[in-house]
Amino acid sequence: MPIKDYIRERFFPHMWCPGCGHGVVLNAMLRAIENLGLNKNDIVMVSGIGCSSRISGYVDFHTLHTVHGRALAFATGVKMSRPELHLIVPMGDGDALAIGGNHFIHAARRNIDMTAVVMNNRIYGMTGGQYSPLSGYGISATTAPYGNIDQGFDIVELAKAAGATFVARTTTYHVQQTADILQEAVLHKGFSVVEVMSQCPTYFGRKNKEGGAVEMMKRMKEMTTPIGSKAKEAHPELIERGVFVRKELPEYCSEYNKIIERAQKDVMRKGL
Amino acid sequence: MSKTIKFIQGNEVCVEAALYAGLNFFAGYPITPSTEIAELLSSRLPQIGGRFIQMEDEIASICAIIGASLTGSKVMTATSGPGFSLMQEALGYAIMAEIPSVIVNVQRGGPSTGLPTHVSQGDVNQARWGAHGDHAIITLTASNHQDVFAMTVDAFNLAETYRTPVILLFDEVVGHMRERVVIPEKGEHALVERLRTAVKSGVDYHPYLPREDGRLPMSDFGGVHRYNVTGLAHDMWGFPSDNPQVVHGLMRHLIDKIQNNAAEIARTREYYLEDADCILISYGSSARSSLHVVENRRKRGERIGLLELQTLWPFPDHIVRERCRRAQTIVVVEMNMGQVLQQVKLAVDRPERVFLANRMDGVFINPTDIRNILRLIQGKGI
Ligand SMILES: Cc1ncc(C[n+]2csc(CCOP(=O)(O)OP(=O)(O)O)c2C)c(N)n1
Ligand code: SF4
Ligand SMILES: [Mg+2]
């Protein structure tokens, strides 16, 4: 199916700034879904609030644009009642890990089958450039005029510790890798987390003198390296990208099906 | 066929009624005095192939039921004051996105952690205005277990009819007291099932285009119609819009669908009102004490009656005004600082005749409390 069959042309042009990394994520995501050949009726995209979360409006799936930070909780309700559907949950870094941090770790802990995509531009884009829990120490933001003193999260480490069974990181520079990883993440049975380092030239770029989209993407190429590469040994400050965790553990909805079986056996034995 | 008669807690009645109404998804977070609802449903729902989940907090709980409702499930969550406060943002979302859902608040004393195990009716106004922005909402309550059953089933019916969240505002006394209840046979209490669109696959479906009667047929997530749901102001496709005409139409629709049907939604019980000079107005467990007072005084020949409200929102002001027209004294009996009192004053022709008989100290308002206040109002001294 051509890419344009996966989007809602009626709602274009999109609202993102020129050069925003979120469009690249959309592109990679649609390529992944195209490759998987999934039926559009079987896909539910649930997002929160932020520039990133607007992605759900543009795709021709069942789409649920919710409230800030709670997308995973809404998605849990959808998935629990229709476990056969594929749930894709794109979120901003603030959305997923500040206001939504609690839902993030609990969804990971349950290992409920859905794909959380954190579109990490290290800033609150939608509200105009405030620091996020991913900005990191020393960054400039509209609410950090003297430099940010908050330490940042490492999404990969956090997701691993919380129990996610598929954890990966990539960047908008690496479009092909992003598509490949998303494809694997959607197929993975369990809670998968994909961090896509993305650029917000409008706020992060401008505030931190990182230049425009092209320069920012180049930087992402330079500051990352494949997992376990030689370069990492020589330059430990490099950020690794690739798949960090890929493991099988009992999935939440499958486990709940067993509860239903147990409960129904109980009823047969004892009566209601 | 023999009737099923049970002697159970109000919270358990709520569970029986929800299951009777077709509940198949519940998400919640434990909080006194509502917890029995979650506990019971964790065992009952899987028995019928339904699903229960204990979420990480009340915010997540209401979000989860909204998601589940969109797949076609009948959904409910249950909480009390602190949890109800946490739910307000997503409650507004359910109003805006028009998601059928039932939210139970078994009230306890507030504000804050307040009185976890004591009774209160302090959340009446929060039920009305807890979510930000202009909106309309349906809120039902009950004073006895037979009505807890009926109002719970009605809550599900109204949620489907008007595509809206419905709040069941019970209180600790009703939630925890044990009383006889007759569970109706299947079919005895009518059920409203989800109105689904007849639009065929491949034909443009407009999830937010009301029919002439104001109703919006739904399509389940996972079905043949893929559409957008958002808490942003939106057009007939569910796509964000800030076009003033679209926004105006949406706001009118959200409010009119409930306010214009206030008479349909209004539920009250009337006791000895025909010739009453003095009318007590009450709801929930305080209506029990009120009825006790009324029946005692009737025996002594006093012309006193009780108007019990089961619908709190939209406030049944037409009924209150009509029934109170000839009354010399109107006394609102409630366990708060006068939340329904204000509504009654707005509704009646002569607000100076409206008085408050209340307690808000966590102690159940009993017939003696009401009798003492009545004597004061009537200038008789205690
Ligand atoms: C409860 C609540 N608090 C605050 C906001 C305002 N708000 C909207 S988006 C946003 C942050 C967006 O940042 P991020 O999640 O990183 O997404 P981005 O825009 O960068 O893609 C905030 C704070 C809101 N919508 N709701
Ligand atoms: S503000 Fe930043 S994140 Fe938002 S659309 Fe513009 S570039 Fe993208
Ligand atoms: Mg961001």
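These numbers were taken from a predicted model, which means no experiment stands behind them. Residue numbers start from 1 in every chain, and the chains themselves are labelled A, B, ... in the order their sequence lines are given, proteins ahead of strands. Values below: all heavy atoms of this structure, side chains included; hydrogens, waters and symmetry mates excluded.
- Contact annotation for B:Leu70: only side-chain heavy atoms (C-beta onward) come within less than 4.5 Å of a heavy atom of chain A.
- Under a cut-off of 6.0 angstrom, the local environment of CD in B:Gln245 is sparse, with at most 12 non-hydrogen atoms contributed by other residues, nucleotides or ligands.
- Between B:Phe221 and A:Ser81, every side-chain heavy-atom pair lies at or beyond the 4.5 Å cut-off.
- Centroid-to-centroid, the aromatic rings of B:Phe52 and A:Tyr256 stay 6.0 Å apart or farther.
- Expressed to the nearest 0.5 Å, how far NE2 of A:His65 lies from NE2 of B:His234 amounts to 12.5 Å.
- Heavy atoms of A:Lys265 lying under 4.5 Å from chain B are absent altogether.
- Considering CG of A:Asn41 and CZ of B:Arg226, their distance stands at 5.0 Å, rounded to 0.5 Å.
- Ranked by non-hydrogen atom pairs under 4.5 Å with chain B, the options A:Met15, A:Met268, A:Lys79, A:Gln264 are led by A:Gln264.
- For A:Arg262, no part sits under 4.5 Å from any heavy atom of chain B, backbone or side chain.
- In this structure, chain B has a heavy atom under 4.5 Å from the side chain of A:Arg8, while its backbone stays farther away.
- For A:Glu248, the CD atom is loosely surrounded, since the number of other residues' heavy atoms within 6.0 Å does not exceed 12.
- Using a 4.5 Å cut-off on side-chain heavy atoms (C-beta onward), A:Arg54 and B:Leu232 make contact.
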Steps toward salt bridge (Lys or Arg N to Asp or Glu O under 4.0 Å) verdict (B:Asp204, A:Arg10): CA-CA 12 Å; B:Asp204 217 0; A:Arg10 180 187 281 146; 2.9 Å; yes
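- Nearest heavy atom pair, residue A:Ile259 against residue B:Pro46, reads CG2-CB, 3.9 Å.
- Among all heavy-atom pairs drawn from B:Arg51 and A:Asn257, the shortest one is NH2-OD1, 2.7 Å.
- In terms of heavy-atom pairs under 4.5 Å with chain A, the best-connected choice from B:Ala27, B:Ser61, B:Gly49 is B:Gly49.
- No other option in A:Leu72, A:Asp266, A:Val67, A:Ile49 has as many heavy-atom pairs under 4.5 Å with chain B as A:Val67.
- Here the CE atom belonging to A:Met80 is positioned 10.0 Å from the OG atom belonging to B:Ser73, to the nearest 0.5 angstrom.
- Closest approach of A:Thr66 to B:Tyr93, counting heavy atoms only: CA-CE1, 3.6 Å.
- Within the model, atoms CD of B:Glu89 and NE2 of A:His68 stand 9.0 Å from one another, a figure rounded to the nearest 0.5 Å.
- Of all heavy-atom pairs between B:Met55 and A:Arg110, the closest is CA-NH2, 3.6 Å.
- With values rounded to the nearest 0.5 angstrom, B:Asp220 atom CG is found 7.0 Å from A:Arg82 atom CZ.
- A:Tyr58 has its side chain within reach of B:Phe239: a pair of non-hydrogen atoms, C-beta onward, lies under 4.5 Å apart.
- Your options are B:Gly238, B:Ala90, B:Gly223, and the one with the most heavy-atom pairs under 4.5 Å with chain A is B:Gly223.
- Both the backbone and the side chain of A:Phe11 come within contact range of chain B, each with at least one heavy atom under 4.5 Å from a heavy atom of that chain.
- Counting only heavy atoms from C-beta outward, the side chains of A:Thr76 and B:Ile53 approach each other to under 4.5 Å.
- How far CD1 of B:Ile99 is from CG of A:Leu64: 7.5 Å, rounded to the nearest 0.5 Å.
- Surrounding CG of A:Asn39 are more than 12 heavy atoms belonging to other residues, nucleotides or ligands, all under 6.0 Å away.
- When atom types are taken as modelled, the side chain of A:His62 and the backbone of B:Thr71 share no donor-acceptor pair closer than 3.5 angstrom.
- Of the listed residues (B:Pro240, B:Gly222, B:Gly231, B:Ser219), the one with the most heavy-atom contacts under 4.5 Å to chain A is B:Gly222.
- Only the side chain of B:Asp57 comes within less than 4.5 Å of a heavy atom in chain A; its backbone stays farther off.
- For A:Leu85, the part sitting under 4.5 Å from any heavy atom of chain B is the side chain, from C-beta outward, and nothing else.
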